[in-house]
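Okay, structure first, notes after.
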Amino acid sequence: MTLKLHDTLSSCTGAAGGDGPLRVYSCGPTVYDRIHVGNARPFVVAMTLRRHLIRQGRPVKVVINVTDVNDKIYAAARAAGIPSPDFAAEMTGAYIADTDRLGLGRPDVEPRVTGTMPAIIALIETLVESGHAYAADGDVYYAVASFPTYGALSRQRPDQLLEEGRVEVGDGKRSPLDFALWKARKPDEDAWWDSPWGPGRPGWHIECSAMAMAHLGERIDVHGGGLDLLFPHHENERAQSEGATGEPFVSSWLHNGMLRFSGEKMSKSVGNVARLADALDEWGAETLLLLFARAHYRSPMDYNDDTLAQARAAGDGLREALRALATAAGDGSGDAELTDEARRRAAAFDAALDNDLATPQALAELHQLAGAGNRALAAGAVSARAGDVVRASLLDRLEVLGLAGFGHSTAAPEDVRLLAQQRLEARAARDFARADMLRDEIAARGFAVRDAPDGFELVPTR
RNA sequence: GGCGACGUGGCCGAGUGGUUAGGCAGCGGCCUGCAAAGCCGCGUACACCAGUUCGAUUCUGGUCGUCGCCUCCA
């Protein structure tokens, strides 16, 4: 099985990675605020890829950085009245905590800009020495004209960009297209580092080149991030990295589509954001993960109550199937057919993910298996043993998507069981008014009661 | 204006030159005291206009529309 990914540079879908661990770098957040749901998408994509490969025993190394020095951080810290390093540390902690709640685990390395300063400065020095960069009054700029294929990744033409005249003209810049690798310290900036060019801090793009190379080497397999980072961020990263090494930097540039909120991109600058933590509070990790998985990572996707409710409903179906399989006690006449289908669907799930992380299709395989299980179960044809096998195979793949929690069932507490028992008795006495009242009471305590041949079943609501 | 992505049934979302993706919602039925869950049945969609073809949702050209980037942005 070969992993194929779509590469933005070539706009082709092709084999990703060779021998050795798949080296994946994905642009993480700038921690000037709590992250929103859109910020979580590249994290989910990278971690899904990681989990998919790990489940199959294929080696992978995922690096997602944290940008903890930046203009916006200075500004936000100032507004909050605390030192910017403290502010950045606090927000970094919040980012870790928020993404932890998704239940996808952590990347292998999560480097901070502030912890990578020597590598960043060394990379800038290399670029200066090789003529790709020049110093000017304590700033250092990348000379875009020195990189012939600048614009190839984002399909921008340098002459066209210049014509637009929208690029910022810096004081010491030779060309308006040039961008800062190092920025001299400004008087009100309370975090800075010494460098050959004087005190200051790195520009936005150089950090990612340095961190990727520091942890994955000069050539990496996959570089991910939001489509909105394509230009200028990734274009500049490519120019820096390849300028420094003279070699191709990335085999597959992976760009995820934007989340749309009310028809527009969810973005802090637009102001239409839903914080990840709030979304998790309201909908839970599983519904959010399912929402992401239901759309291909490159497609734009709508984030709203309707799409979330649909994701939740789809999840409920899988949850039900798992619950039912756990209670299988049939004659086993359908075992062979069902376990065979489970094998086929599981393989198809893997193949779908190998095909440019086609999560909607992968999910469809699971839904089909769930349906097959329900049908066989309804026919009383599934033995307890086969039920377990199929259930385990379903959970095994759901785990890749972070959805193994669908298999957990909350046992009803004693008081709820007592109410259900009383309802059973009321029904036996044909006191249906009382039975319905007890059902409402049970519902108020978070459980749905279902009649079963041998009594009742209590299922947690949500 | 430049560059790019995309337009599939009520919604989400695969896919293919001629044969049912799947899910959710909806309707009818089975089951149930009523439900819930599950099962059975039901929708012939592919933006528009031309062209190629025996045949196009799938190929070609054009039109329209949506979104993104071109500026901090996942």
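We name chains A, B, ... by the order of the sequence lines, and we start the count at 1 in each one. A quick note: this is a predicted structure, and the numbers were derived from the prediction, not measured.
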| message | Expected output check: what is the dot-bracket annotation of RNA chain B, where ( ) and [ ] are pairs inside the strand (brackets for crossing ones), | is paired with another strand, and pairs are Watson-Crick or G-U under 3.5 Å? | response | (((((((..(((.....[...))).(((((.......)))))....(((((..]....))))))))))))....
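Although no hydrogens or angles enter the test, the distance criterion places a donor-acceptor pair under 3.5 Å between the side chain of A:D7 and the main chain of A:S10. Checked by atom type and distance alone, the side chain of A:D356 never pairs as donor or acceptor with a backbone atom of A:A358 at under 3.5 Å. In this structure, the side chain of A:D178 engages the main chain of A:V144 through a donor-acceptor pair within 3.5 Å.
Nearest to the side-chain atoms of A:S299 among the listed nucleotides B:A36, B:C11, B:A14 stands B:A14. The side chain of A:H36 approaches B:A74 more closely than any other nucleotide in the set B:G33, B:A21, B:A74. Comparing B:A74, B:A36, B:G23 by their nearest atom to the side chain of A:D228 picks out B:A74. Picking from B:C24, B:G33, B:C72 the nucleotide with the shortest atom distance to the side chain of A:Q310 gives B:C24. The side chain of A:M258 lies closest to B:A74, out of B:C67, B:A74, B:G13. The nucleotide whose nearest atom lies closest to any side-chain atom of A:R423 is, among B:C70, B:G33, B:A14, B:G33.
Separating the CG atom in A:L438 from the CZ atom in A:F432 is a distance of 13.0 Å, to the nearest 0.5 Å.
Of the two residues near RNA chain B, A:A452 and A:A378, the one whose nearest nucleotide lies more 5' is A:A452. Where A:R430 and A:R375 meet RNA chain B, the nucleotide closest to each residue was compared, and A:R430 sits on the side nearer the 5' end.
Here the separation of B:G38 from B:C46, taken at their P atoms, is 31 Å to the nearest Å. B:U71 and B:C3 have their P atoms separated by 16 Å, given to the nearest Å. Atom name P, nucleotides B:G62 and B:A21: the rounded distance is 30 Å, in whole Å. Taking atom C1' on both nucleotides, B:U19 is separated from B:C24 by 26 Å, rounded to a whole Å. B:U57 and B:A45 have their C1' atoms separated by 9 Å, given to the nearest Å. Nucleotides B:G18 and B:A37 are separated by 38 Å at their P atoms, to the nearest Å.
Annotation: cation-pi geometry not satisfied between A:R201 and A:W192 (NZ/CZ under 6.0 angstrom from ring centroid, within 45° of ring axis).
One can place NE2 of A:H367 at 5 Å from C1' of B:G23, the figure rounded to the nearest angstrom. Across the protein-nucleic acid pair, A:D356 atom CG and B:G15 atom P stand 10 Å apart, rounded to whole Å. Between the CG atom of A:L259 and the P atom of B:G68 there is a distance of 12 Å, rounded to whole Å. Atoms NE2 (A:H234) and C1' (B:G68) sit 15 Å apart, rounded to a whole Å. B:C24 atom P lies 14 Å from atom CZ of A:R319, rounded to whole Å. Summarising the geometry, the separation between CD on A:Q368 and P on B:G13 is reported as 18 Å, rounded to the nearest angstrom.
Counting all heavy atoms, side chain and backbone alike, A:R41 lies closest to A:M258 at NH2-O, 3.8 Å.
You won't find any donor-acceptor pair under 3.5 Å spanning the side chain of A:R155 and the base of B:C70, going by distance alone. Between the side chain of A:R294 and the base of B:G13, no donor-acceptor pair under 3.5 Å is found. On a pure distance criterion of 3.5 Å, no polar donor-acceptor pair joins the side chain of A:R439 and the base of B:G33. Side-chain N/O atoms of A:D451 and base N/O atoms of B:A36 include no donor-acceptor pair closer than 3.5 Å.
Within the 4.0 angstrom heavy-atom criterion, no nucleotide atom of any strand lies near A:M301.
No donor-acceptor contact under 3.5 angstrom links the side chains of A:R238 and A:S209, judged on distance only.
One finds a side-chain N or O of A:N374 lying less than 4.0 angstrom from the OP1 or OP2 phosphate oxygen of B:C39. Put simply, A:K265 has a side-chain N or O that comes within less than 4.0 Å of OP1 or OP2 on B:C69.
At a threshold of 4.0 Å, the pair A:R319-A:E286 counts as salt-bridged, since one of the basic side-chain nitrogens sits closer than that to a carboxylate oxygen. Salt-bridge formation is detected for the pair A:D436/A:R439: a Lys NZ or Arg NE/NH1/NH2 atom is positioned less than 4.0 Å from an Asp or Glu carboxylate oxygen.
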